[in-house]
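Contents: one structure, followed by commentary.
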Amino acid sequence: MQWVTSALVLLLTVSQWACAVYFVDVNSPKASDANPGTADLPLKTINRAAQLVQPGDMVVVKAGVYREHVRLVRSGEPGAPITFVADPPGSVILTGADPITGWERVDSDAPIYRVPWKHRFVINRRPDGSLVEHHPDDERHRLWGRAELVIVDGKLCLPALTLDELRSAWRRHIEAIKGGKPSPVLQPPLPNLGGPFAGMFCADTKNQWLYLWLADGSDPNNHQVEAATRSALFGLSPWENRDGVRFVHLRGFVFRHAATFPQRAAVWLHGSDNLLEDCIVEEMAGGGVLVHGTMRRCIIRRCGHTGGGAAGTNFLNEDCVWEGNSWKPIDRGWDAGGFKLAWAKDGVFRRCVFRRNGGPGLWLDIHVRHVIITDCTFWENEHHGLFVEISRDITIVRNLFVRNGIGVVGKVEWPDWGIAGLTIAESQNCVVAFNTFVGNKDGIALREQGPRPLETDDYGVIPYHNRGHVIVGNICAFNRGYQLALWYDNGFFGWHPAEREKFKTEAAYEAWLKANPDRVFDPTKVGMVIDRNLYWAERGQKLILYGVPWRPKYREFNDLNEWRKATGFDQQSLIADPKFVNPQADDFRSLHDSPARQLNAGKFGIG
């Protein structure tokens with residue numbers, strides 16, 4: 001991360017805002033939470049400072065590893081925020097993990113060790129009173145939906161559900177190693193996501209033991225072993241503090257290794273008008289961060305579930321990077337990605353990078369509205385680069401989408417069902433302009449399964465389906481499936497195979513459609529504009545899909561004239577080599593004689 005000069009920023013910030021300045025220094029021999037928090041007599045914990053601050057105050061945290069949960073409940077005020085600054089930036093690590101020592105060997109024939117373990121992470125209670133230790137509460141997520149986390153010499157360990165599974169895994173591991181083969185059990189659960197792993201562990205919360213074996217069979221007492229003992233690092237969740245906080249600023253911190261569940265953050269700055277700047281959020285067991293306000297120049301990486309970010313109302317994500325998140329095999333159809341947000345509005349993503357995340361890079365799901373995504377890069381994510389679902393009024397301008405959904409990381413599910421650089425599903429009034437799509441599964445995909453009715457506070461009941469989109473000035477080239485794909489799975493393209501048993505004849509099905517016109521979405525009659533795009537497909541790649549292959553009236557087009565006749569779309573579009581400067585080196589600027597210049601198409605100008 002490109003840290004700003006800490007001393008200058010600190011001086012300017014103190015003089016601008018601070019009413020009082022508290023110093024925290026975990027490494028100072030004079031540090032104590034009984035101190036006044038001066039530079040000479042600093043506090044020991046950040047949490048103590050959080051209990052003292054008032055609007056306008058600043059907390060300066062000196063370099064060190066802080067093993068605590070900062071339970072801030074007080075807000076700042078307009079023009080007088082409460083500010084926490086790491087000095088220097090990047091030197092303060094706030095971790096949810098504690099050192100674990102005193103390991104004893106369990107088995108004589110396997111190097112499995114254990115220590116007492118009294119930590120139990122619970123997300124809910126079932127009607128019968130039993131505790132829920134994984135999320136979601138189903139069989140599929142009994143292991144990967146848990147919150148435990150073990151780190152050895154800075155590397156994560158993989159989890160097992162039981163001691164018997166741990167023993168079995170060791171036997172398979174050592175057999176492969178002795179045969180000169182890679183370990184079959186210390187591989188990432190999904191290809192190229194997560195790892196390398198130092199070993200494997202099991203948390204037996206019923207009998208209160210933590211078990212561990214290391215890849216080389218060595219004694220964990222000879223290593224630095226840590227385990228997550230805290231489920232949050234900063235702030236309080238909405239279940240603990242419903243209204244959250246306002247005007248709280250954090251700068252320069254590294255947050256890592258909290259025992260979070262999927263869909264739960266380690267850093268909570270919900271409320272409004274908050275700021276997270278120049279921070280790193282990394283390697284949480286589940287979710288990473290939630291900010292209501294602004295997140296700027298932050299890196300969110302290698303969280304087991306979604307990384308999180310700035311959301312809510314009037315939010316901004318600027319110059320941030322999401323990389324390697326959702327490495328655990330949590331259900332991709334439920335929740336995954338670098339960042340997923342829902343029910344958010346009036347926000348901006350500017351100059352952000354979404355790279356090699358599990359699931360989509362960025363997922364806008366369920367009534368996200370009035371959001372601008374500009375000058376961002378979506379690079380080699382497991383599924384879609386950007387997935388817009390059941391949302392409206394999203395503006396997607398001058399972005400780059402490269403090699404999403406083709407198996408660079410993870411395992412692409414539903415490979416023939418609308419995976420693309422950009423997929424818009426059952427949404428409305430989106431603008432897609434001047435973007436470049438290269439080497440994705442599909443370039444731009446519109447998926448239709450609507451209507452999907454949704455009751456909202458601001459628009460009433462919305463029968464969400466694709467309508468009102470404007471798709472202009474984009475380059476779609478070298479995408480492996482289709483350059484443009486309208487994956488419309490509805491009656492306009494004939495009956496679905498599953499409907500044949502019900503209706504018996506096409507005539508009966510057509511009569512039903514006539515009586516239920518809301519089930520028929522003709523893409524040419526929903527107010528969409530598709531034009532002035534540049535398409536190019538190599539041998540084996542296709543141009544345009546219209547409908548879905550399992551419905552009888554679908555069509556494929558490799559001739560723009562035929563496509564124009566059938567739909568009226570792309571009247572001024574071209575099929576031509578975009579003439580990138582150096583696509584082998586991922587330089588997707590256009591040469592001076594590129595046809596993109598004629599259309600003013602794509603993210604980049606002339607190279």
- Query: Which is it for V281 and V254 under the side-chain contact (heavy atoms from CB on, under 4.5 Å) test, yes or no, and what are the steps along the way?
  - Reply: CA-CA 6 Å; V281 178; V254 178; over 6 Å; no

- Task: Take S237 and E240 through the test side chain to side chain donor-acceptor pair (under 3.5 Å) and record every step on the way to the result.
- Result: CA-CA 5 Å; S237 75; E240 299 170 284; 3.2 Å; yes

- Message: Run I46 and F84 through side-chain contact (heavy atoms from CB on, under 4.5 Å) and show every step you take.
- Response: CA-CA 9 Å; I46 308 170; F84 293 79; 4.0 Å; yes

- Is there a ring-ring contact (aromatic ring centres under 6.0 Å, His included) between W170 and W213 once you walk through the steps? CA-CA 8 Å; W170 169 258; W213 59 255; 5.1 Å; yes

- Task: List the steps and the verdict of side-chain contact (heavy atoms from CB on, under 4.5 Å) for D335 and Q263.
- Result: CA-CA 8 Å; D335 198 350; Q263 294 188 327; 2.8 Å; yes

- Query: Could you walk me through whether D153 and H223 pass the side chain to side chain donor-acceptor pair (under 3.5 Å) check?
  - Reply: CA-CA 6 Å; D153 298 332; H223 297 265; 2.7 Å; yes

- After noting the C-alpha distance and the side-chain angles of F253 and F234, does the key distance pass the ring-ring contact (aromatic ring centres under 6.0 Å, His included) rule? CA-CA 11 Å; F253 291 86; F234 194 99; 7.3 Å; no

- Item | Step-by-step side-chain contact (heavy atoms from CB on, under 4.5 Å) determination, V289 to M295 | CA-CA 10 Å; V289 58; M295 196 166 77; 4.2 Å; yes

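Looking at T38 and V21, their side chains never come closer than 4.5 Å, going by heavy atoms from C-beta outward. In this structure the side chain of F261 never reaches within 4.5 angstrom of the side chain of H305, judged on heavy atoms. Contact of the L236 side chain with the W268 side chain is not registered, since no non-hydrogen atoms from C-beta on lie closer than 4.5 Å. L166 places a side-chain heavy atom less than 4.5 Å from the side chain of M200. With a 4.5 Å cut-off on side-chain heavy atoms, W327 and P188 do not count as touching. In this structure, V61 and D87 have side chains that are not in contact, with every pair of non-hydrogen atoms separated by 4.5 Å or more.
Partner of D278 under the salt bridge (charged side-chain N to carboxylate O under 4.0 Å, His left out) criterion, chosen from R296, R297, R251: R297.
With hydrogens and angles disregarded, no donor-acceptor distance shorter than 3.5 Å links the side chain of S28 to the backbone of D25. A side-chain donor-acceptor contact under 3.5 Å links Y66 to the backbone of V26. Without hydrogens or angle criteria, H141 side chain to D331 main chain gives a donor-acceptor distance under 3.5 Å. Checked by atom type and distance alone, the side chain of N357 never pairs as donor or acceptor with a backbone atom of N381 at under 3.5 Å. In terms of modelled atom types and a separation under 3.5 Å, the side chain of N207 and the main chain of D204 share no donor-acceptor contact. For the pair H270 (side chain) and V291 (backbone), a donor-acceptor distance under 3.5 Å is absent. Listed for the N325 side chain is no donor-acceptor partner under 3.5 Å among the backbone atoms of T306. Between the side chain of D33 and the backbone N or O of L43, no donor-acceptor pair lies under 3.5 Å. A donor-acceptor pair under 3.5 Å links the side-chain atoms of D128 to the main chain of S130, judged by distance alone. In terms of modelled atom types and a separation under 3.5 Å, the side chain of S326 and the main chain of G338 share no donor-acceptor contact.
Ring geometry for F387 against H384 counts as parallel: the plane angle stays under 30°, on a 0 to 90° scale with 60° as the upper cut. Under the 30°/60° scheme for interplanar angles, the aromatic rings of F401 and F378 are found to lie parallel. Relative orientation of the F121 and H119 rings is parallel, given thresholds of 30° and 60° on the angle between their planes.
Looking at E380 and R356, a side-chain N of the basic residue comes within less than 4.0 Å of a carboxylate O on the acidic one, giving a salt bridge. With respect to D375 and R350, no salt bridge is recorded, no charged nitrogen being found less than 4.0 Å from a carboxylate O. One finds no salt bridge joining K30 and D40 here, because no Lys/Arg side-chain nitrogen approaches an Asp/Glu carboxylate oxygen to under 4.0 Å. Look at E382 and R332 and you find a salt bridge, because one of the NZ, NE, NH1 or NH2 atoms lies within 4.0 Å of a carboxylate O, short of that distance. Salt-bridge formation is detected for the pair D137/R126: a Lys NZ or Arg NE/NH1/NH2 atom is positioned less than 4.0 Å from an Asp or Glu carboxylate oxygen. A salt bridge links E282 with R302: at least one charged nitrogen is closer than 4.0 Å to a carboxylate oxygen. Salt-bridge check for R120 with E148: failed, with every basic side-chain N at 4.0 Å or more from each acidic carboxylate O.
The two residues V132 and R125 come nearest to each other via the heavy atoms CG2-N, 4.2 Å. A pairwise comparison of heavy atoms in N317 and C352 identifies O-SG, 3.4 Å as the closest pair. The minimum heavy-atom distance between V248 and N274, with the atom names listed, is N-OD1, 2.9 Å. In terms of heavy atoms, R403 sits closest to V408 at O-CG2, 4.2 Å. S231 approaches A259 most closely through the heavy-atom pair CB-O, 3.3 Å. Listed here is the closest heavy atom pair of C202 and L161: SG-O, 3.6 Å.
Between the CD atom of E165 and the OG1 atom of T162 there is a distance of 4.0 Å, given to the nearest 0.5 Å. Here CZ of F197 is found 8.5 Å from CG of L186. Values are rounded to the nearest 0.5 Å. In this structure, the separation between SG on C320 and CZ on F339 is 9.5 Å, given to the nearest 0.5 Å. Note that CG of L364 and CG of L341 are 5.0 Å apart. Values are rounded to the nearest 0.5 Å. To the nearest 0.5 Å, atoms CH2 (W103) and OH (Y211) are separated by 11.0 Å.
Checking T45 against N47 by side-chain atom types alone, no donor-acceptor pair falls below 3.5 Å. There is no side-chain donor-acceptor pair under 3.5 Å between E226 and H257. In this structure, a donor-acceptor pair under 3.5 Å is present between the side chains of D219 and N221. Side chains of D98 and T229: a donor-acceptor N/O pair is present below 3.5 angstrom, by distance only. For the residue pair E318/T294, the side-chain donor-acceptor check at 3.5 Å is not satisfied. No side-chain donor from either of S272 and H292 sits under 3.5 Å from a side-chain acceptor of the other.
Note that K328 lies outside the cation-pi zone of W144, set by a 6.0 Å cut-off to the ring centre and a 45° limit from the axis. The cationic atom of R355 (NZ for Lys, CZ for Arg) does not lie both less than 6.0 Å from the six-membered ring centre of W379 and within 45° of the ring axis.
Remark: T101 engages no residue in a side chain to side chain donor-acceptor pair (under 3.5 Å) (not counting sequence neighbours).
More than 12 heavy atoms of other shown residues, nucleotides or ligands fall within 6.0 angstrom of atom CZ in R105. By the 6.0 Å contact criterion, CD on E175 is open, its count of non-hydrogen atoms from other residues, nucleotides or ligands being 12 or less.
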